[in-house]
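Below, chain A is the first sequence line, B the second, and so on; all start at residue 1. All values reported here derive from a predicted model rather than from experimental measurement.
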There are 2 protein chains.
Amino acid sequence: MYSSQYWYLQNHSLFKHLNSSDLNEICYIAAYKTVRKGDIIFFSEENIGRVFTLKKGSLKIVRIDEQGNEIVKDILKVGDLFGSLDLIESNEDEYAIVLSDTATFCSFKAADFEKFIENKPDVAVKYTKWIGFWFKRLENRYSNIMFKDVKTRLMSFLKDIAKDHETDTDGYVSLPNYLTHQDIASLICSTRQTVTSLLNTLKAEGVLTYSRKEIKLKTAALES
Amino acid sequence: MYSSQYWYLQNHSLFKHLNSSDLNEICYIAAYKTVRKGDIIFFSEENIGRVFTLKKGSLKIVRIDEQGNEIVKDILKVGDLFGSLDLIESNEDEYAIVLSDTATFCSFKAADFEKFIENKPDVAVKYTKWIGFWFKRLENRYSNIMFKDVKTRLMSFLKDIAKDHETDTDGYVSLPNYLTHQDIASLICSTRQTVTSLLNTLKAEGVLTYSRKEIKLKTAALES
DNA sequence: ATGCTTTTGTCGGCTAAAAGACCAATTCAG
DNA sequence: CTGAATTGGTCTTTTAGCCGACAAAAGCAT
């Protein structure tokens, strides 16, 4: 019964403080899966109303708007929650694409989770705070988009990724880059061409270097 | 003990299903206040970490950005929650201004509420869903701002307000208008001048009429 | 290798809407 | 009632950055 699933859940800050009988219970309602690069996780059908949490790898959340445009909504990394976070069933037009070579995630039905937190009110509060945190994050991202120009947005996007990476010896932070310029454009709400030329001006300014698989950002540029 | 505070809380969908002993408890942690037009509610100092809910009137949430610009973030009406919704203490740079002649609101400390929902897990779930709803709302508003042009944004802003108002006999929905063009501009993320001239083109197109105190929107324009 | 597809690079034209400037109309305070 | 302050109206100028077009480079499959 002490399955390997345990340690992961326990590692997640949302569940960190639960004892093993709690874990037992949540494991009962949880399901695990490992998928490969390019695989798609739909939030419809059997996944409706599920909350996912990413154990390994990274993925991007994509939404199709009315005109059929692919909009990259978010890039997620280990520990992030996604899916029906709000415990509301919906998100018909959203799905996730795996960016890393493999990705492992866990999921449980929001409805089950609801039942679970009814007995564990402290988890409920934690969960609410977690959602609140995401709320803030979203708010920030959007206010950025509205009030900053594209160049600033691109920079804060890069800085944001850089936060999770060690700075190299040579004064650069190396960011693995699974994203095309098109993806980046979509994330910072701009166009492919603009991103390309901005990356080149930034290169010219000595702020960064980049190839297809990585972006090296000058650590000095992380200030301000 | 059956104070007048009761009926208000009971009227709020979040607390509707609570019995009177629950209400007793939440009233214990709640505080009430009535304020006048133009009054400001700061979220700092003694209000830090408070959740507010509006009983009567309307108000606007304003934020001051780094450059000192006033940004109108939201317009709230009866029943809306505001303040430290996420149960996280913050929002230093935000405050609310009363728009209607008077406004009455209730507030409780997030920390107290936390304790309260620990005994009332069903409220916790409801609350989480409520937050989720706001999350969606925010998401929608911003995706509007990003992908629609100003005119469309203005129209959906008006339609959004119109939802809460009865259509008049003459085929118009009358919207009381406490907002200056500057405010509207700020809400839909545009400029005063653009809003003014757009309102006038819309008037020319016969979609609406407006004066300083009301905007009359043609009901036919509510479709699509 | 060889071709096919996807991604990147660059350029100029184009447009929505911001920004500035000024005046008219309202509102408000004393 | 009167003058100041706020709000609304309409110009004109300016600009960020979108868009289309096309070429070069890199990735990928056979």
Within the structure, does a side-chain N or O atom of [X] lie under 4.0 Å from either OP1 or OP2 of [N]?
X: Thr180(A); N: dT6(C); value: no
X: Tyr210(A); N: dG9(C); value: yes
X: His181(A); N: dT6(C); value: no

Give the rounded distance in Å between these two atoms: [atom1] of [X] and [atom2] of [N].
X: Asp183(A); N: dT8(C); atom1: CG; atom2: C1'; value: 13 Å
X: Gln182(A); N: dT5(C); atom1: CD; atom2: P; value: 19 Å
X: Lys151(A); N: dA16(D); atom1: NZ; atom2: P; value: 12 Å
X: Glu214(A); N: dT7(C); atom1: CD; atom2: P; value: 19 Å
X: Tyr178(A); N: dT6(C); atom1: OH; atom2: P; value: 23 Å
X: Leu198(B); N: dT10(D); atom1: CG; atom2: P; value: 12 Å
X: Ile145(A); N: dG17(D); atom1: CD1; atom2: P; value: 13 Å
X: Leu179(A); N: dT7(C); atom1: CG; atom2: P; value: 11 Å

Which heavy-atom pair separates Leu199(A) from Leu208(A) by the least distance, and what is that distance?
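Taking every non-hydrogen atom into account, O-CD1, 3.8 Å.
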Closest contact, heavy atoms only, Asp170(B) versus Lys216(B):
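Nearest heavy atoms, Asp170(B) then Lys216(B): OD2-NZ, 3.1 Å.
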Cut-off 3.5 Å, side chains only: do Lys56(A) and Thr102(A) have a donor facing an acceptor?
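Their side chains do contain a donor-acceptor pair, which is all the 3.5 Å distance test asks for.
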Within the side chain of Ser197(B), is there an N or O that forms a donor-acceptor pair under 3.5 Å with the backbone of Gln193(B)?
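Flag set: sc Ser197(B) to bb Gln193(B) pair under 3.5 Å.
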Between Thr196(A) and Arg192(A), is there a donor-acceptor pair closer than 3.5 Å when you use the side chain of the first and the backbone of the second?
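Between the backbone of Arg192(A) and the side chain of Thr196(A) there is a qualifying donor-acceptor contact (under 3.5 Å).
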What pairs with Glu166(B) under salt bridge (charged side-chain N to carboxylate O under 4.0 Å, His left out), at least two apart in sequence or on another chain?
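Applying salt bridge (charged side-chain N to carboxylate O under 4.0 Å, His left out) to Glu166(B) gives none.
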Salt bridge (charged side-chain N to carboxylate O under 4.0 Å, His left out) partners of Arg141(A), counting only residues at least two apart
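Once residues adjacent in sequence are excluded, the partners of Arg141(A) under the salt bridge (charged side-chain N to carboxylate O under 4.0 Å, His left out) criterion are Asp74(A).
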Which angle, to the nearest 10 degrees, lies between the helix axes at the two ends of the helix from dA1(C)-dT30(D) to dG30(C)-dC1(D), each defined by five pairs?
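The end axes of the helix from dA1(C)-dT30(D) to dG30(C)-dC1(D) are about 50° apart, to the nearest 10°.
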Determine the interplanar angle of the Phe43(B) and Phe52(B) rings, folded into 0 to 90°, and report it as parallel if under 30°, tilted if 30 to 60°, perpendicular if over 60°.
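Because their plane-to-plane angle lies in the 30° to 60° range, the rings of Phe43(B) and Phe52(B) count as tilted.
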Lys218(A)/Glu205(A) ion pair, N-O < 4.0 Å:
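Looking at Glu205(A) together with Lys218(A), the answer is no, because their closest N to O distance does not fall below 4.0 Å.
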With salt bridge (charged side-chain N to carboxylate O under 4.0 Å, His left out) as the rule and sequence neighbours excluded, what pairs involving residues 181-190 of chain A come up?
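Counting only pairs at least two positions apart or across chains, the salt bridge (charged side-chain N to carboxylate O under 4.0 Å, His left out) contacts touching residues 181-190 of chain A are Lys60(A)-Asp183(A).
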Quick one: are the ring centres of Tyr210(B) and His181(B) less than 6.0 Å apart?
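Close enough - the centres of the two rings lie under 6.0 Å apart.
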Atom pairs under 3.5 Å, N or O on each side, protein against nucleotides 1-5 of chain D: can you list them with distances?
none

Using the 3.5 Å cut-off, write out each protein N or O paired with an N or O of nucleotides 10-16 of chain C and the distance between them.
residue, atom, partner, partner atom, Å
dT10(C), OP2, Asn200(A), ND2, 3.3

